[in-house]
Amino acid sequence: MINNENAVELRDIEMHFNMSSEKLQSLKEYFLKFMKRQLHFEDFVAVDKVSFDIKKGDVFGIVGLNGCGKSTTLKIISGILKPTKGSVETQGVIAPLIELGAGFDMELTARENIYLNGSVLGYSKKFMDEKFDDIVEFSEMRDFLDVPMKNYSSGMVARIGFAIATVTTPDILIVDEILAVGDFLFQQKCEERINKMMQDDTTVIIVSHSIEQIERLCKHCVWLEKGRVKMIGETAEVCNAYKNSKRE
Amino acid sequence: MSSTATNNRSFFSDFKRFMPLLKNLVSKDFKIKYRRSVLGVAWSVLNPLLTMIVLTKVFEMLLRDSVPDFATYYIVGSALWNFFSEATSCSLSSILTSGALIRKVYIPKYIFPLEKCVFALINFVFSFAAAIVVALIQNHTLISWRTLLFPIPVLYCFIFVCGLSLFLSAVTVYFRDVQHLYGVLLTMWVYLTPMLYPISLLDGFPLIQKVVMLNPMTHYVEFFRDVVMRNTFPSLKENLLCIAVSLISLGLGALVFKKAEGKFILHL
């Protein structure tokens, strides 16, 4: 059982991808390879024996270079990916901040998309009715509500996305690089909201390439390198070590 | 703890939580289908009506003598067949086209094929209305109180379709060529279902007749015609047979889907 103080527990997570079989997408290829006995598997380990706990109410950052397994780890936590080995346990409702545009249908208007996206996150119609004004208010998109979203800029889409994901106070909020899109005023607004959530005991997990942002927001950090935990601890320590390693 | 278990969520609480999503996806499909058309939703009735009139006129000339009330015979049967073929062929690619969403958020994945089946069911209601109109015009004595029993065969068929859709949508993720194969299969399947001809036409061909009788769609379509236009209700045995086939389809489909869904994300 999960420890009561923890929001997330990862135990010896391993994620393997089979590189060669992913390229096979037709029956013909599959049979040909099968007959030639070429169905060998190239194992790629994206996440290797990663274990850590995230305490309730913590703001937790994940840093590392491109391809070190950050996003894979987030996907495992949010339940999108099942790890090949190991166990994940989470407590409470998880609100993933969906990456730009996913979950929106660009042919629909913002108004329709807010309801669609709310239901993607599992919110009821009644709940969305109540929160609709909050969302519009926060995103500052009232004038464009009935415009199809294909005419939106990426920053405008991000605003709506962030406003929907944070309309509740979820137990766990997952933020994957999304803050980089909005203008600086909106970024400030988002950070304020995250700060407010932290006071409400929401656990926040942030992935970002902006070290400054991680340092400003997070209490604890993990540094991943090639799918393994390189270092874990207080943000200042981990970030300093990470920055120094970059210079080398 | 078990080594692979993660985020265990129960099927039923999931289903309840994501009902609004199902509803929104259906209404989204509906809106997108009729956006920017002048007649809008009226096309839902007009389209099947016009298509059926064309097809009926063509085949009526060829097959008039072998089937009484041919227009109704054909239109009623094809309403159910079109539901079947639309639902399964849309479900087939439903997981693929929802890839963007599946990669970002946790959603029970069976929602996507299920949504296509529900959407096709709604379209079916419109074409069924069109079929009833044709029946009333051609020979109003065909319609009786038993016509009101039509939800029974539709339900059997719907369960069958859900099972097959789950299976097809899962397999397509792994082998994209299923999309092309299924198109060919559907063409073959429609001729092995008594849509344009009566079963009695096959009396001289025992082998083909056997195949046609092994085809589940034959039973659903005939059941449907029995209640809608022949004022009869099939025997208990026929009912049990239909239920059994539906449940087997759903069971197998769900089993394959469940086994496959964990790895969808790696293949999208």
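For the numbers below, each heavy atom of this structure counts, side chains included, while hydrogens, waters and symmetry mates do not. Naming convention: chains lettered A, B, ... in sequence-line order (proteins, then strands); numbering from 1 in each chain. All figures in this text were calculated on a predicted structure; none of them were measured in a lab.
- For B:Leu181, the part sitting under 4.5 Å from any heavy atom of chain A is the side chain, from C-beta outward, and nothing else.
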Check: Can you check side-chain contact (heavy atoms from CB on, under 4.5 Å) on B:Leu25 and A:Leu116, steps first, answer last?
Finding: CA-CA 7 Å; B:Leu25 286 174; A:Leu116 180 64; 3.9 Å; yes
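- In A:Lys56, the NZ atom is crowded: over 12 heavy atoms of neighbouring residues, nucleotides or ligands sit closer than 6.0 Å.
- The 12-atom threshold is exceeded at CD of B:Gln179, counting heavy atoms of other residues, nucleotides or ligands nearer than 6.0 Å.
- Surrounding CZ of A:Arg193 are more than 12 heavy atoms belonging to other residues, nucleotides or ligands, all under 6.0 Å away.
- In the displayed structure, B:Trp189 atom CH2 is contacted under 6.0 Å by more than 12 heavy atoms of other residues, nucleotides or ligands.
- With a 4.5 Å cut-off on non-hydrogen atoms, A:Glu107 touches chain B through its backbone and its side chain both.
- Taking all atoms of both residues into account, the shortest heavy-atom contact from A:Ser119 to B:Pro20 is CB-C, 3.7 Å.
- Atom NZ of B:Lys28 and atom CG of A:Asn113 lie 8.5 Å apart (nearest 0.5 Å).
- Taking chain A as the reference chain and counting heavy-atom pairs below 4.5 Å, the highest number among B:Lys31, B:Met19, B:Lys23 is found for B:Lys31.
- Expressed to the nearest 0.5 Å, how far CZ of A:Phe104 lies from CG of B:Leu101 amounts to 10.5 Å.
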Show me the side-chain donor-acceptor pairs of residues 245-262 of chain B shorter than 3.5 Å, one per line, residues at least two apart or across chains.
{"unit_1": "B:Ser246", "atom_1": "OG", "unit_2": "B:Tyr156", "atom_2": "O", "d": "2.8"}
{"unit_1": "B:Ser246", "atom_1": "OG", "unit_2": "B:Tyr220", "atom_2": "OH", "d": "2.8"}
{"unit_1": "B:Ser246", "atom_1": "OG", "unit_2": "B:Cys242", "atom_2": "O", "d": "2.9"}
{"unit_1": "B:Ser249", "atom_1": "OG", "unit_2": "B:Phe160", "atom_2": "O", "d": "2.8"}
{"unit_1": "B:Ser249", "atom_1": "OG", "unit_2": "B:Leu164", "atom_2": "N", "d": "3.4"}

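- How far CD1 of B:Ile265 is from OG1 of A:Thr72: 9.0 Å, rounded to the nearest 0.5 Å.
- For the ring pair (Phe, Tyr, Trp, His ring centres under 6.0 Å) test, residues two or more places apart in sequence or in another chain that qualify with B:Phe128 are B:Phe124, B:Phe150, B:Phe224.
- Nearest heavy atoms, A:Val120 versus B:Phe18: O-CE2, 3.2 Å.
- Note that CG of A:Asn117 is 10.0 Å distant from CG of B:Leu21, once rounded to the nearest 0.5 Å.
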